[in-house]
Participant: 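My questions all concern the structure below.
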Amino acid sequence: LLPLLLPATSAQPELRFRPPAEAPVRLFTEAELARYDGHQEGQPIYLAVKGVVFDVTSGKEFYGKGAPYNALVGKDSTRGVAKMSLDPADLTHDTTGLTDEELKSLDDIFNNVYKAKYPIVGYTSRRILNEDGSPNLDFKPEDQPHFSIKDEF
């Protein structure tokens, strides 16, 4: 107990490396996510795929204002990514009716592009909340189609 009560001396090693503090992930509503659509200078650019929100700011030349894939950002564009479509009707989280080939493409792009290249900053509230904002007690990540959550937390 005595060493705990004594003041620290300079003989103790000093920490020279401090790991960077990771920003906590957040839960985004559709309205919150829409704020990060690349149109406001100095604001990060976010894109959600499969309910996972990625910071794609480092790809500003692809996702920023006027860039070729700007239509995908500020929302969950899962369907558009799966279909490789920028059609406004496809810029949604809804995967209903996608073919097996489109779902495979979605998984490949999700894992090999977005997860491999961009930091995860949060999740869409739709994944774990009911429309009224209450917790979805039936939500089980392992039951979500075409989604593996094990590596994301």
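Values below: all heavy atoms of this structure, side chains included; hydrogens, waters and symmetry mates excluded.
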Participant: Mark yes when over 12 heavy atoms from residues, nucleotides or ligands other than Glu41 sit less than 6.0 Å from its CD; otherwise mark no.
Facilitator: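 Result for CD/Glu41: open.
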Participant: Is the backbone of Asp107 close enough, under 3.5 Å, to the side chain of Asn111 for a donor and an acceptor to pair up by distance?
Facilitator: yes
Participant: Under 4.5 Å between any side-chain heavy atoms of Glu32 and Arg26, yes or no?
Facilitator: yes
Participant: List the steps, then state whether side chain to side chain donor-acceptor pair (under 3.5 Å) holds for Thr96 with Asp94.
Facilitator: CA-CA 6 Å; Thr96 305; Asp94 188 8; 2.5 Å; yes
Participant: Is the closest side-chain heavy-atom distance between Tyr114 and Lys50 below 4.5 Å?
Facilitator: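 No - every pair of side-chain heavy atoms lies 4.5 Å or more apart.
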Participant: So, taking the atom named CZ in Phe54 and the one named NZ in Lys115, what distance separates them when rounded to the nearest 0.5 Å?
Facilitator: 7.0 Å
Participant: For Thr78 versus His93, what's the shortest heavy-atom pair and its separation?
Facilitator: CB-O, 3.9 Å
Participant: Any side-chain heavy atom of Asp76 sitting closer than 4.5 Å to one from Thr92?
Facilitator: no
Participant: Working to the nearest 0.5 Å, report the span between CZ of Phe28 and NZ of Lys75.
Facilitator: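 Atom-to-atom, Phe28:CZ and Lys75:NZ are 14.5 Å apart.
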Participant: Over all heavy atoms of both residues, which pair between Thr124 and Ala48 is shortest? Give the atoms and the distance, please.
Facilitator: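 For Thr124 and Ala48, the tightest heavy-atom pair comes out as CG2-CB, 3.8 Å.
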Participant: Answer with yes or no after comparing the ring centroid distance for Tyr36 and Tyr46 against a 6.0 Å cut-off, counting only values under it.
Facilitator: yes
Participant: Leu72 and side chain to side chain contact (heavy atoms under 4.5 Å, CB included): which partner among Leu47, Val56, Ile45, Asp90?
Facilitator: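 When Leu47, Val56, Ile45, Asp90 are each tested with Leu72, the side chain to side chain contact (heavy atoms under 4.5 Å, CB included) holds only for Leu47.
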Participant: Which pair of non-hydrogen atoms, one from Ala71 and one from Ser77, has the smallest distance, and what is that distance?
Facilitator: O-OG, 4.4 Å
Participant: Rounded to the nearest 0.5 Å, what separates atom CG in Leu103 from atom NZ in Lys83?
Facilitator: 11.5 Å
Participant: Looking at Ser85 and Leu91, what are the two nearest heavy atoms and their distance?
Facilitator: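 The answer is O-CD2, 3.8 Å.
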Participant: Just wondering, do Met84 and Ile109 contact through their side chains at under 4.5 Å, heavy atoms?
Facilitator: yes
Participant: Are any non-hydrogen side-chain atoms of Ser58 and Tyr118 less than 4.5 angstrom apart?
Facilitator: yes
Participant: Could you tell me whether the side chain of Asn70 and the main chain of Gly64 form a donor-acceptor pair under 3.5 Å?
Facilitator: yes
Participant: Can you confirm whether Gln43 sits close enough to Thr57 that some side-chain heavy atom of one is under 4.5 Å from a side-chain heavy atom of the other?
Facilitator: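 The answer is no; the side chains never approach within 4.5 Å.
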Participant: Given side chains that start at C-beta, do those of Leu106 and Val49 come closer than 4.5 Å, heavy atoms only?
Facilitator: yes
Participant: About how many Å separate NZ of Lys65 and NZ of Lys60, when rounded to the nearest 0.5 Å?
Facilitator: 10.5 Å
Participant: When rounded to the nearest 0.5 angstrom, what distance separates CG in Asp100 from OG in Ser105?
Facilitator: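 Atom-to-atom, Asp100:CG and Ser105:OG are 12.5 Å apart.
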Participant: With side chains defined as the heavy atoms from C-beta onward, is the minimum distance between Phe110 and Val52 less than 4.5 Å?
Facilitator: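 They are in contact (side-chain heavy atoms under 4.5 Å apart), so the answer is yes.
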